[in-house]
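Following: one structure in structure tokens, then a few remarks.
Predicted, not measured: the structure shown is a model, and the values here were computed from it.
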Amino acid sequence: MSTRSFIILQTTDGYEGVYCHSDGYPEWTGYLLQDCFRCSEAVAALIHGGALSCIACDGQPHHYATDNEGPVKASTLDHMLQVATTDYW
């Protein structure tokens with residue numbers, strides 16, 4: 001089983017987010033986001049790459065090769081969380 005997660009960034013227009021399939025617990029993906037993606041531009045680039053299989057220990061994202069949907073967008077955090085839990089879980 002995988003620990004799925006959804007990485008969300010607040011933008012000027014609302015929120016953008018992306019699904020991450022594996023290792024989504026705070027001690028791994030949370031740590032790597034803080035350590036390797038320190039600014040909002042880096043997180044935005046990560047999110048714009050599309051859905052993730054995981055983020056490797058060196059901080060390299062492993063995006064799904066067939067995914068070209070880009071980020072999920074929502075105007076409110078509640079709507080983003082609803083989309084994440086409905087469409088990805």
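Contact between L46 and H63 at its shortest, heavy atoms only, is O-CE1, 3.1 Å. Minimum interatomic distance between I8 and I47 (heavy atoms only, all atoms of both residues): C-CD1, 4.4 Å. Residue T29 comes nearest to S5 through the heavy atom pair CG2-OG, 4.5 Å, listed as atom of the first residue, atom of the second, then distance.
Shown here is Y31, whose OH atom has no more than 12 heavy atoms of other residues, nucleotides or ligands within 6.0 Å.
Checking each of V72, L77, L9 against Y15 for a side-chain contact (heavy atoms from CB on, under 4.5 Å) leaves exactly one that passes, namely L77. For the pairing with W28, the side-chain contact (heavy atoms from CB on, under 4.5 Å) check across C57, S22, C54 returns one residue only, C57.
The side-chain heavy atoms of E16 and Q10, taken from C-beta on, include no pair separated by under 4.5 Å. In this structure, the side chains of L52 and I7 come closer than 4.5 Å at one or more pairs of heavy atoms. Using a 4.5 Å cut-off on side-chain heavy atoms (C-beta onward), V18 and P71 make no contact. Residues I55 and L32 form a side-chain contact, since some pair of their non-hydrogen atoms from C-beta on lies under 4.5 Å apart.
Side-chain atoms of S2 do not come within 3.5 Å of backbone N or O of R4 as any donor-acceptor pair.
Neither side chain, S53 nor H21, offers a donor N or O lying under 3.5 Å from an acceptor on the other.
In this structure, CE in M80 is found 11.5 Å from OG1 in T85, a value given to the nearest 0.5 Å.
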